[in-house]
Structure formats: structure tokens, C-alpha cells
Engineer: 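Following this message is one structure expressed as C-alpha cells.
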Amino acid sequence: MAGSNEINANEAKKVVPLHTWILISNFKLAYNMLRRPDGTFNRELAEFLDRKVLANTVPVDGVYSFDVVDRATSLLNRIYRCAPRESESGRQLGAGIIELEKPLSSTEIVPVIIFFHGGSFTHSSANSAIYDTFCRRLAGLVHGVVVSVNYRRSPEHRFPSAYEDGWETLKWVHSRSWLLSGKDSKVHVYLAGDSSGGNIAHHVAHRAAVSGVEVLGNILLHPLFGGEERTESERKLDGKYFVKLQDRDWYWRAFLPEGETRDHPACNIFGPRGSSLEGLNFPKSLVVVAGLDLVQDWQLSYVEGLQRSGQDVKLLFLKKATIGFYFLPNNEHFYTLMEEMKNFIKSGVC
Amino acid sequence: MNPNHPQKHIITYSTPSPGAATSSVTGGDVTEKGKNMWDEEDAGVDELLAMLGYKVKSADMVDVAQKIEHLEGVLGNDDELSQIASDSVHYNPSDLNSWLESMICELNPSPEPPMIDDSFMNATLPDSELQAIAGNAIYPPLKKLKPNCSSSSSASASASSTYNPNPNNLNQNQVVLVDSQENGIRLVHTLMACAEAVQQENFQLAESLVKQAGMLAVSQAGAMRKVATCFVEALARRIYRLSPPTPQDPPAFSDLLQMHFYETCPYLKFAHFTANQAILEAFAGKKKVHVIDFGMKQGMQWPALMQALALRPGGPPTFRLTGIGPPSGDNTDHLQEVGWKLAQLAETVHVKFEFRGFIAGSLADLEPAMFDLRTDEVLAVNSVFELHQLLARPGAIEKVLSAVKEMKPELLTVVEQEANHNGLNFLERFTESLHYYSTLFDSLESSGTGSGGLDGGGILPVTNQDKFMSEVYLGKQICNVVACEGTDRVERHETLTQWKIRLDSAGFEAVHLGSNAFKQASMLLALFAGGDGYRVEEDNGCLMLGWHTRPLITTSAWKIR
């Protein structure tokens, strides 16, 4: 038991830099303590341990942020924007003045990415340090706006709470006059997410396609999918690179309605209970798969499913990457990802 | 560090006077590389992890990795141990090395002591709103750190400075907007423009802008309208040089306002609760205890402490309370009245109690010799929203902290507003306070009238009067921050980071509040917070209560280094 943990620790150490190993292992350690065998979750300790960051209207590396709360639902979004290259109306941003009257641009297209943070539907928040850092990078990368959704988490709020929060945010984003851009004066929306956030992005995009709400593209970073069947990658990689299959199972049990199986359509997109995407105006997708992620078989069959449905999907397969490679800029996968995301958004913008 | 970054200089109001310790005065001036106190403490901290909220010395990286590996081995497949780890008290998770170390010590296999009986925890006494949530404060976890472990908590206390992953936190502006405020954005811009005009001493422009702002304000609704009205009034007072800039209220009235604020929202309850938790822990096992309260007011903090002491196993200690208050101006000794009520309570809960009141115009007038400090007593000094007022007079804070040190307390508890309203630059101060009070008013808005706390529990609902008086209470603070200067401006709030620098240089070090206090504070919020959105956060061993993502008040605990 302890022995196999040691071996696995050494495996993981060979493929990631020390910083990444410490970061992800620390999360793993903490998360193990928070999940209880009876399916409940130690939320207070989770909030105590989570490292959070304040928003800041003073630009840091050209990006500033502020939070918006919908009083009726208590849903919070953190908005990241690039500081204007020239100061507008002679006033320097940083005096806490937020531009909410004018559109982002009346000539250029400025992408607005709605981002759903990961955490297996259970952990983290929009203001968690790891996600705040990532969103800042993303905003700066695409010279656009990132809206990070602080969706309701399981087990306190199960399916479909997170999807509903995502949907509400999509509608909210589309209705903001200060997010308009381009000569066609509309909000140019993309959806993105890592892990459970990727799963949420898919479902929100699906609903958008069915309802005729425009989404220009989806970026799914090792999205969380699954099913009852055990796949080869799950068997081979169980416990090897930070993640155990039984932990994945716990999170699905915490998210899905009680008594449900992993073939629930929230989890198993193209499985026996999934619905077809054929003929739908589904956004083009960039799906990033980490080669050392035990969920990869499900992610790859998601890609195939999209292709079979005639949808536009690009697969970025990073063979030697583990989960969470994008939290720190200390590995080649990080830079590859940044480049791919930039091109994906840019190609939609031109 | 980007040299083009606008910098905020955190320089205290006072200049070092001859003979004063060259201690606290200039703090955190980040343009002076290497002279920054932070640089010393943060030297060798790994930058990559720092960005993500963790403070690990580069030299400790391998050690930290080994500890994680060790713990993985111990906890990996052991649900029971995981549960124990989960239930134990955690401190300062940013300091990874210490956090891991304390877990390792905690989990070293040893015969498990019996679990604590918590049936007492829900005992209530009549006429008291606050349940005595005694918990681990009185009944510390029976698992102690093994003697051969490094004293991790004290090590971590000195190792961790007030740390913030945002490298620019000295120049930071946190905004939480509530949906409808998009309409109010023009109003905000006008207020800012007015403040800018005031700063530039362009009073003609300022006058016209303040009138505009006034008109825009009345067209708003809810919290936006109220907070904007306060700022408009404050600006007007400054522009038209009304004298005195803010009306002087008799202390009885200020106390009354604060009481309504106490009823309306959880901030003060949180402050008292968390401070009491720390005090209880410091008093563990002691037979004679003494608390000096720097701002006695109506003594709202003390019934709960007294009840908690009453419920201690082995019986309560002798509890002495010294309360300090300002002169009342009408010859009534209201301190004695408060003391008398507390004495009556003490009798009903069978606690030997002694009260003494001190009237002082300023805390700086107090000398340790006045307090009849007894050597067989353990002392805690408690300050809720008092220390920032001392920043209005040169040398005052240093004098007071020095006096506290001389008294040799076991603990100094400090509760302060989490904001920098003491910058030299008026516009910055204005901006900061606008955002701070907007968030505060927004949170009040969600403490609906008549809904108060949750169902059951006999909690009194929030009345319209409570809410209104709370708004008046906050409005006065706003007026003081915006319209006053010099010794009149007493609402000189500073952030935890800033207080840490002061307290560090005065010879204090942080006593970390742990996950147990955090958890209980969260539970308290669930009971008492009228609205959704209140959040407790841990920041380097201190606890903050905020609304959504914005911390608004901070409780910290200190001991002499």
C-alpha cells in the first residue's frame, strides 16, 4: 500500500518539474482529507485551505480585474480585462474607475471568454489563486476579456446547478453593452474550462446551440467525462499520476443526482444515454488531452463523438503532460497550450 | 517590479520623534528595493509557488516534497487517519513547510486519546444572543505536538510575514460590483472626478461636480443611493469647509449607533467571537485572568466570554475586566453601569468577577501602572476598532504598543477594518473608501428587515431602525475619512499587511488562528448572517470576514516576541 504510493510518487516526479509535483501533490493531499467516505465534504476546511486572491482594478502585467455579483442569485463572476493601450479620455485606469459605459471596441473584435474553473465540480473558486493566475494569463494572451464563473459546487449543489450557472452567465455576458465589440457590435463569446470546467463548457455550449445563442468556440482543457465502463487508460494510469480512479468515482457520485450511474448524460456525453449533436450549430472545439491523464480515453471518445456528429474539433494531444500542467509556466506543454489557444481564438476573430 | 507602476507609499502619519524607537514608521515602501522589510523576510521564497499563494523557501523545496511524500504514504489508503487529519486543527496553509510538519507530528502513530464530549457546546443562557460556542478553544485537541517535533507554530509565526501572492498588494484596489451598479457607474465616475478636483484644489469644478453627483445619487436605488449620498455629503463638507467637518457626537450616541450596527450585520459579532476564541485559548488552564478592553462601549463582547469561561471543565477562573472609555461629557459614569450589568451576569453563571472602568481621552494617556497588574494573573488586551484612531496623533500608536508590551500580556487581540483609508493621497483614500463602503452597504442591503438570522434559534429580526442607524454609523465614518484632516481624522484604517509591519516592529509576533476558529466562525455566520454572501477567509493566520470576495474586517492575535 504505502509502497505502491511511493512508486507512483516517483513515477510522477520523473515527468513533471519539482514545483508542479509539489503543487499538484499538495492539492492531492489536501483533497484526500476533505473527501469523506460517506460522500460528504469538509467544506469549511476546504475554504480554509484554499489560497484565494483579491481582484484588482490596478492593472498587473496589463490585466485588471473586478467582481460582479448578481444579487438575486448570489452568483459571482470575476471579470478580467486588458488595460487600454492608450488611456481613454485622459484618465488612467488604476484609480478604481471601471469602464462600463462604452463597448470594448467599435472597430476591432475583442474576444470574451467565459471560463469555468476546474476542481471536479467540488473544489476551487473563481478567486482561487491558481485560477486567478490562469485567467489573467488568458486575458493577456488573447487581448480580450475573461469572465470566470464562480459556479455552485457539489456535493452541496449537484447536477444541474453548475450548468445552470453557466447558462445564466452566458446570457448575462451576451446582454452586457460593455462587452460588445467589432463592427457588427455583438459580444464575441467563447467558452473555456479545465477538468469539470471543460465538462460545464460543453453542456452550456450544447444548450446554447439548441437555443440559438451564439458561442464562437469551446476550449476544453482535459475535460472531465466518464462512464460506467472502465477504459484502458483508467486501468493503466490508475494512481500513477496524481489521480486515483476511486477519487474520480467519488466526485461523480457527489455531482450526479443520487443513485445515478456514470452513464448519466452529464458524464458520458456520447454514451448510451447521450443525445446526438448532429445538425446542431455547435461551436468549433479545441480539446486538450494530457497523455498521462487517466480520463483520456473518455476525452478521446468525446473528440470522436464530435467528429462523427459532423462538428469541427481540433485535438491537442500532449503525450507527456499530466493534469494541471498549465498552472505553472515551467514546462513546454504550457507554452504549446498558450500558442494553440491564441491561434484558436484568433482564427475565429479574423 | 515594474518601475512604471504607480506606487503607493505606506508612510505613517507620525514622524519619528527624538527618543522614539526608529521602529515602525516607514513600512512597505516598495520602491526602495532591499530596504523593504518584506524583502528580508521574503528572501529566498520560491516565486513560482508564491504566485499561487504558497510561501516556500527555495531551500526548503526538496524538504517539502519529502514531507508530502511521507504524508501520502501515511494517509494514502487510510481513511481513518485521513479523517483524523481532517478533524485536527490546521494553521496558515500558505506556509507549506510548517503545515506539513504539523500534520506529520499530529499523525505519528500513538494511542488515540478519547474523543472530546461536545454536548456542552450548545448551552445557552437567557438574555444572550450569542451561544457559547466554546468548542476547542476551551477544550483543546488532546493530541499535542510531539516534543521532538520542531515547534512548528511558533516557527511559522516568525517565518511568515503577512504574505500576499499579489506582489502589488500595496497598490491594490478591490471592487465588487453588484449587478445594478452598471447604471450607477456614471455616478461613481462623477464622484471620482469630484474627488480628483478636490485633490487638485480646483474647488469651482469640485462644487459643480458634487452637485451633479448629488442629483445622480437620488436617482439611484438601494445601497448605491445610500452610500453615494454619504460620499456626496462628505465631499460637500470638505469643499465648503464646514466647521467642524463632522458633528461631534456624545459617546453615548456613538455607542448606540454601534449597537444597531452590531444587530444588523455579522461584522462585530464575528470580531467579538474570533477575538474571544483566541483569548480563551490563551487563558486555557489559567486560574486568574484579566482582560483589558481598549474600547468598552456597551461591553457586548464580554457576556459570551464569561459564559465560555463559566463552562470550562474544572470551573471558571477568576475573571477581571478593565474597561476603557472616553469621557461622557454629562457626568454619568456609564462604564460603571456596564460593569454592573456584567457583574450581575457573572453572578448568575457563578464566575468570580471584578470590573474596573477607566476614562481616558486617548489610549495614549494610559500607563501600565494604572492597571493594578497582578503577577498571578494572565492578561489579554483587546482592541476592536481602536488602534487606527491613534494614527491621528504623532507617536501615539508607538506609545500605546510600548505600554502594552510593558504590561506583558499573554495575548493582544486586534480587530480592524481591512482597508487602507490612511494614504497620504486624498484621491486614493477616496477611491478606496468608496469601494470599501459600497461593499459594506451592499452587504447591509442583503440583511433584509424582518429576516435577520435564519429560522429558529430565537434570533431577533433586524429592524428598519437597526438598518437605518447602521447606515448613520457608517456614514459618520465616511464623513471622517473624506472631510477631515489632521487630528480630527480618526478613521485611519489600515490593512493587515500594514498593521503587521507596525506590530512586528513594536516587538510582537502573530499567534495564528486556526481552522477550528475558522470553522466556528463560518458556523456562526450561517446562524446570524441575514443574507447570503458573507465569507470567512484565512490570511496568514488571521481571519477575515468579508462580503463575497472582499474582506472587510480582520481579526488578528499577537504576543510579545
Side-chain angles (χ1 to χ4, degrees), chain A residues 1-2 5-6 9 13 18-19 21-23 25-26 28-30 32-37 42 44-45 47-58 60-61 66-72 74 76 78 92 94-98 100-101 126-130 133 176-178 327-330, chain B residues 6 46 48-49 51-54 56 61-62 64-65 68-69 71-77 79 82-83 85-86 90 93-94 96 165-166 168-169 171-180 182 185-186 188-189 192 427 431-432 434-435 446 515 518-519 522 532-533 536-538 548-551:
Chain A
M1 292 287 126
N5 277 325
E6 270 168 36
K13 270 193 182 169
L18 183 61
H19 289 81
W21 190 89
I22 287 179
L23 181 74
S25 300
N26 178 56
K28 180 179 153 197
L29 190 66
N32 280 339
M33 283 193 288
L34 301 172
R35 293 188 304 267
R36 298 200 193 98
N42 191 343
E44 288 93 13
L45 184 58
E47 292 304 300
F48 178 82
L49 294 175
D50 191 25
R51 303 292 83 200
K52 300 203 195 307
V53 179
L54 297 176
N56 192 357
T57 55
V58 176
V60 176
D61 290 335
F66 57 95
D67 295 335
V68 185
V69 175
D70 175 355
R71 192 189 291 288
S74 267
L76 180 137
R78 177 161 288 186
Q92 281 281 16
I97 300 171
I98 303 166
L100 293 186
E101 292 186 286
N127 60 340
S128 295
I130 43 172
T133 307
R176 294 308 102 184
S177 59
W178 46 274
F327 288 135
L328 289 171
N330 60 354
Chain B
D46 182 87
L48 282 184
L49 289 181
M51 275 193 302
L52 304 183
Y54 297 102
V56 181
M61 291 283 287
V62 172
V64 164
I68 293 179
E69 229 173 316
L71 279 166
E72 268 181 14
V74 169
L75 291 175
N77 287 307
D79 278 347
S82 271
Q83 194 57 42
S86 181
H90 299 257
S94 282
L96 266 187
N166 179 347
N168 298 302
N169 78 342
N171 186 22
Q172 182 156 331
N173 206 301
Q174 226 239 334
V175 175
V176 179
L177 280 186
V178 178
D179 42 7
S180 53
E182 284 150 294
I185 209 69
R186 176 149 303 186
V188 171
H189 287 205
M192 301 280 226
L427 181 58
T431 309
E432 285 252 7
L434 180 59
H435 291 308
S446 55
S515 56
F518 181 96
K519 176 176 177 173
S522 304
D532 208 353
V536 184
E537 264 183 44
E538 188 277 347
H548 287 283
T549 48
R550 166 82 210 232

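Chain naming here is simple, since letters A, B, ... match the order of the sequence lines and numbering starts at 1 in each.
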Engineer: Which pair of non-hydrogen atoms, one from B/His90 and one from A/Phe48, has the smallest distance, and what is that distance?
Structural biologist: O-CZ, 3.2 Å

Engineer: Once rounded to the nearest 0.5 Å, what's the spacing between atom CH2 of A/Trp21 and atom CE of B/Met61?
Structural biologist: 10.5 Å

Engineer: Main chain of B/Asn173, side chain of A/Asn56: is a donor-acceptor contact present, judged purely on distance under 3.5 Å?
Structural biologist: yes

Engineer: Identify the two heavy atoms, one from B/Gly53 and one from A/Ala129, that lie closest to each other, and give their separation to 0.1 Å.
Structural biologist: N-CB, 4.2 Å

Engineer: Are the side chains of B/Val175 and A/Thr57 in touch, meaning some heavy atoms are under 4.5 Å apart?
Structural biologist: yes

Engineer: Take A/Leu100 and B/Val188 through the test side chain to side chain contact (heavy atoms under 4.5 Å, CB included) and record every step on the way to the result.
Structural biologist: CA-CA 11 Å; A/Leu100 293 186; B/Val188 171; over 6 Å; no

Engineer: What part of B/Gln174 gets within 4.5 angstrom of chain A, counting heavy atoms only: side chain, backbone, both, or neither?
Structural biologist: both

Engineer: Nearest 0.5 Å, what's the CD-CD distance between A/Glu47 and B/Glu538?
Structural biologist: 12.0 Å

Engineer: Who among A/Asn26, A/Asn42, A/Asn32 has the most heavy-atom pairs with chain B under 4.5 Å?
Structural biologist: A/Asn26

Engineer: Can you measure from CD1 (A/Ile130) to OH (B/Tyr54) and round to the nearest 0.5 angstrom?
Structural biologist: 7.0 Å

Engineer: Tell me, side chain or backbone of A/Leu328 under 4.5 Å from chain B's heavy atoms, or both, or neither?
Structural biologist: side chain

Engineer: Measuring heavy-atom distances to chain B, does A/Thr133 have an atom under 4.5 Å in its side chain, in its backbone, in both, or in neither?
Structural biologist: side chain

Engineer: Identify which part of A/Asp70 has an atom lying under 4.5 Å from any heavy atom of chain B, answering side chain, backbone, both or neither.
Structural biologist: both

Engineer: Against chain A, label B/Ser522 side chain, backbone, both or neither, depending on which of its atoms sit under 4.5 Å from a heavy atom there.
Structural biologist: side chain

Engineer: Go through the atoms of A/Arg78 and report whether side chain, backbone, both or neither lie under 4.5 Å from a heavy atom of chain B.
Structural biologist: side chain

Engineer: Report which part of A/Leu45 has an atom under 4.5 Å of a heavy atom belonging to chain B: side chain, backbone, both, or neither.
Structural biologist: side chain

Engineer: From A/Lys13 NZ over to B/Glu69 CD, what is the distance, rounded to the nearest 0.5 angstrom?
Structural biologist: 3.5 Å

Engineer: Strictly distance-based, threshold 3.5 Å: is any side-chain N or O of A/Ser74 a donor or acceptor partner for the main-chain N or O of B/Gly533?
Structural biologist: no

Engineer: Roughly how far, to the nearest 0.5 Å, is the CG atom of A/Leu23 from the CG atom of B/Leu49?
Structural biologist: 6.5 Å

Engineer: Relative to chain B, which segment of A/Leu76 carries a heavy atom at a distance below 4.5 Å: side chain, backbone, both, or neither?
Structural biologist: side chain

Engineer: Between atom CG of B/Leu96 and atom CZ of A/Arg51, what is the distance when rounded to the nearest 0.5 Å?
Structural biologist: 9.0 Å

Engineer: Please rank B/Ala85, B/Ser82, B/Pro551, B/Ser86 by heavy-atom pairs under 4.5 Å with chain A and give me the top one.
Structural biologist: B/Ser86

Engineer: Between the side chains of B/Asp46 and A/His19, is a donor N or O closer than 3.5 angstrom to an acceptor N or O?
Structural biologist: yes

Engineer: Which atoms of A/Asp50 come close to chain B, meaning under 4.5 Å heavy atom to heavy atom: side chain ones, backbone ones, both, or neither?
Structural biologist: neither

Engineer: Carefully, step by step, assess B/Val56 and A/Ile22 under the rule side chain to side chain contact (heavy atoms under 4.5 Å, CB included).
Structural biologist: CA-CA 10 Å; B/Val56 181; A/Ile22 287 179; 5.7 Å; no

Engineer: Just by distance, with hydrogens left out, do B/Thr549 and A/Asp67 show a side-chain donor and acceptor under 3.5 Å apart?
Structural biologist: yes

Engineer: Taking side chain as everything from C-beta outward and backbone as N, CA, C, O, which of these in A/Asn127 sits under 4.5 Å from a heavy atom of chain B? Side chain, backbone, both or neither.
Structural biologist: side chain

